[in-house]
Structure formats: structure tokens, C-alpha cells
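Working notes, beginning with the structure itself.
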Amino acid sequence: MRALVLLLCLCGLPALAQTIEVEGTSMASGREDGTEAGLQAWVQEFRARALEAGVSAPVFDREMRGASYLPDVIARDRRQTEFTKTIWDYLDIAVSEERVAMGLKALKTHADLLAKIEAEYGVEKEVVVAVWGLETSYGSYRGDTDTLSALASLAYDGRRGAFFEAQLLQALQILGEGHVARADFKGSWAGAMGHTQFMPTSWAEFAVDHDGDGKRDIWGADPGDALASTANYLRHWGWTKGQPWGLEVTLPQGFDYDQTSERVKKPVAAWHDLGVKAAHGSALPEGAEASILLPAGHSGPAFLIFPNFQVIEKYNLADAYVIGIGHLSDRLRGGDPIKAPWPRHWRALTLDERKELQAALVALGHDTGGVDGRIGPKTIAAVKAWQKTVGQVPDGYPSPDVLSELRGPG
């Protein structure tokens, strides 16, 4: 399994951010003296770069006139690595009975539209609707933050300056081309927009004019362009219609937990021969190679995951998000809830606790890829190696119990 830090939501719902900070990465800390005057000075300095990149002077001057410094956006961006949520707490909300019911209603309301999108792009309608459901609760909350102000504030802050400058340039092009009115150009605090929360550069590459009105409108009341754009995005990254994203499985006694990694891929028949079975009694699907994922260690559910899992990761790398999309889409098709219980007696480790865990592993000679609180493949491998030395099941899950044992007596 991979235990990437779960980040704050982009919209007003408990979805995860599309910008994932992964173990081993580094970035500037951001300016500590951000002000409205500072932003306006930065905007004037940025103007030359924007014009050089192709933004017209009238568009820049007209649209950036209304951009302002948003200190709350900067605060939320910096809090991301502090945020922790267990996967089961996340899924309780992401795939709640209410969200399933709302999704079934959306499928019925937009049946003709979704049938056309599925036929054109080869992505199941339930998957498209699941993305819509997790990102904005089926369009009911698309974000109310001024997109230019959010992107300008984040670019000016500098923590991920190059990324947000690119997003801001594309946002100006969107307005210049007239795809959306300035007053309606709103979204998440991090600049994601519309029914399915595209960043501006993703809009540029993947948004489509499904209704043929000359605009690629992902912001308005009609979700058609946004849903078709999401299907186009998934198709681009290799979605295979008819193939599952994954399914819940049971593992046999004595299973080799070194095999539980996205990096270990085997034909489904090989997993079957090792004693892996579908949790709900169906036959394992034939076809592509698959991996075993344990998002909560051996104490929680196990999943056999397929290449479509990696396609959903293009939307968001976090395992919780991908499982949320996949499981919600299954429920919208009439599938069963996850069968195995989650280890609900555990909580998520705080940032300081994750650093403490990494430091303890490093002190014992294991390579965690740094002591930064970002739990990724190297830290997982280090936890596995330590678990083997103490006779535990080597599932790599950084639980509170693992931290407690690393602390030692007292």
C-alpha cells in the first residue's frame, strides 16, 4: 500500500486536493510577508511575462484589475501537510448512502446525456458520475472563490510559484477567449474549477464543447461539457471500458505481504493460484495484470487493483480518493459495500508523529527517503523491513501501534 498524506479538499466537500505532496519532494516555503500591496506589485511585475506568453494587454489589464490577495487561500495551502484523515473516515463520507442516492438520482436525471458521453468516450457513466459526486457533490458546490485571485495569491506566495503562474496564465486565456464570464469564474481555493474541478491547464488540454455552443463551459448549471471533459480526460489516460478499477478480495493464510504493492503485478490467474479470492464470492475477472493493495494494512480490506486504478490516479494520487471513485461507481451499479471491517480503533498519525516514525526508522538503519512526514514508498518499505525484524506481519502500514513500538518502553 501507499500511505500518501491526505490533503485538504478543493471544493467544500471531503474530497482530496488534486495537488499531492509526495515523499521525497521539496519546495520553497513561501513568502511570510504577503500583503495586498505586495500582490499588486507582483501583478505588475508578472504582466510582462504574461504578455510574452501570449496574453493580450487588454485582457490582462481588464481581468487582473479585480484580483486581490487572499490570505485564507495561503493559510489553507500551508496547512495541507498537517491534515490527516483515515481512509475509512474519508470513505464514510465519500461513499455515504446519501451520496449513493444522489448519484442514482443524477444518473436518472441525466440519462440521455450520460449515455451519449459513454458511447463517445468509452468511459462508463457511473465512473464519470462518481468523479462528479466526489468533486462537487454532483455540482451542488462548485466553489465560490474568485479563481484569478486564488491563483494570483498562490503564484505570488511562491511556494509552488511556477505551477500557479502557469495556471494563472491559462486562466487569463480562458477569460480572453470568452468561455466564461469573469463574474462566474469561481472555483476552489486552489484554483480548481467547475463541476469536476479541472485546473486551468487541464481544462486547456482536455475540456470539450460537448453541446456545440462554441464554449467549453465547465462552470455553468448545465454539466454536459464538464462531464464529457472528465470522460475525455480518463480516456486520454487509458481508461479501458469493461475492466474493473479493482475489487475487494480475501488473502489466504500465510500470504507473502511483500507482494502487496502496486509495483508487483501478476496475471489474475497467478493471484488465483496463490489463493486470492473475491470477497463477495464472484469469480476473479480475467484479463489484465493486477496488484494487491492494502490501504489500511493487513487489518483492513484488501483490493485487487487493475490498470484503471492508475487512470483514476491521474485525477488524484491518493489511494483513498481512487478507492472512493471506484467504490462509489460500483455502488451506483448496484454493487455491495466493502465487506471487511476497517481498523477503526486507529487514528491517523499527525505530521509530527509521521516525522517521529521516520526518524526512529532512520535511527535503526532504514531508508525512509527523508524525515519530512510524507509517507511514501520508501517509508512503507522501511516499515516493512522493521516489521520483519520484530516478527510482525510486514504490511508496511504506519499505524499508531507501529509508532508506539518504535518509541520503545515507557
Side-chain angles (χ1 to χ4, degrees), residues 4-23 25-47 49-50 53 55 60 63-85 135-136 141-172 174-175 182-194 197-203 219 316-318 321 350-352 354-355 372-374:
L4 293 174
V5 178
L6 304 193
L7 305 182
L8 288 170
C9 63
L10 282 180
C11 57
L13 301 161
L16 304 178
Q18 290 177 321
T19 303
I20 303 294
E21 296 182 11
V22 185
E23 168 192 82
T25 63
S26 62
M27 59 185 69
S29 59
R31 70 175 70 236
E32 298 299 326
D33 58 346
T35 62
E36 178 64 29
L39 174 70
Q40 296 307 325
W42 177 88
V43 166
Q44 291 309 307
E45 184 268 334
F46 176 63
R47 185 178 186 274
R49 297 199 299 280
V55 178
F60 185 94
E63 305 302 350
M64 291 302 293
R65 190 177 299 119
S68 59
Y69 183 64
L70 302 180
D72 184 58
V73 164
I74 304 305
R76 294 182 72 170
D77 184 55
R78 294 181 185 177
R79 283 200 304 265
Q80 289 189 92
T81 54
E82 296 285 350
F83 181 78
T84 54
K85 183 186 285 290
E135 290 294 344
T136 63
Y141 187 83
R142 302 192 290 278
D144 57 6
T145 301
D146 177 66
T147 296
L148 282 192
S149 294
L151 293 174
S153 297
L154 289 162
Y156 159 63
D157 180 63
R159 196 169 81 93
R160 287 174 283 171
F163 173 79
F164 283 111
E165 280 198 19
Q167 302 305 319
L168 180 56
L169 288 170
Q170 185 56 60
L172 288 165
I174 290 170
L175 288 167
R182 180 69 171 84
D184 298 326
F185 198 44
K186 299 180 184 296
S188 79
W189 64 266
M193 313 171 299
Q197 298 289 279
F198 272 28
M199 294 299 288
T201 54
S202 292
W203 176 93
W219 301 269
N316 187 311
L317 277 171
Y321 180 88
T350 66
L351 175 62
D352 286 343
R354 297 193 300 271
K355 290 180 178 179
D372 54 11
R374 298 171 186 162

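Nothing fancy with the numbering, it's 1 onward along the sequence.
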Rounded distance [0.5 Å steps], CG in Asp146 versus CG in Leu70: 7.0 Å
Exercise: do Gln40 and Gln44 side chains pair donor with acceptor under 3.5 Å: no
Plane angle bin for Tyr156 and Tyr69 - parallel if under 30°, tilted between 30 and 60°, otherwise perpendicular: perpendicular
Carboxylate-amine/guanidinium proximity below 4.0 Å for Arg159 and Asp77: yes
Flag side-chain contact, heavy atom, 4.5 Å: Trp219 against Arg142: no
Residue pair Tyr321 / Glu135, side-chain donor-acceptor N/O under 3.5 Å: yes
Flag, side chain of Ser188 to backbone of Ala190, donor-acceptor distance under 3.5 Å: yes
Residues Gln167 and Thr201: side-chain donor-acceptor under 3.5 angstrom: yes
For the student: nearest non-hydrogen atoms of Gly373 and Lys355, plus distance: N-CG, 3.5 Å
Nearest non-hydrogen partners of Thr147 and Gly187, listed with the distance: OG1-N, 3.5 Å
Ala152 versus Trp42, closest heavy-atom pair with distance: O-CZ3, 4.1 Å
Minimum heavy-atom distance Pro200-Leu151, with the two atoms named: CG-CD1, 3.9 Å
Distance, nearest 0.5 Å, that separates CZ of Arg76 from CG of Leu154: 11.0 Å
Side chain to side chain, Met193 and Ile174, heavy atoms closer than 4.5 Å: yes
Ser153 (side chain) donor-acceptor with Ser149 (main chain) under 3.5 angstrom: yes
Note: Asp372-Arg354 ion pair, threshold 4.0 Å (strictly below): no
Close side-chain approach of Leu172 and Leu148, heavy atoms under 4.5 Å: yes
Partner set under side-chain contact (heavy atoms from CB on, under 4.5 Å) for Ala50, not counting sequence neighbours: Phe46, Val55, Phe60, Leu169
Criterion side-chain contact (heavy atoms from CB on, under 4.5 Å) on Phe185 and Leu175, from CA distance to verdict: CA-CA 8 Å; Phe185 198 44; Leu175 288 167; 3.7 Å; yes
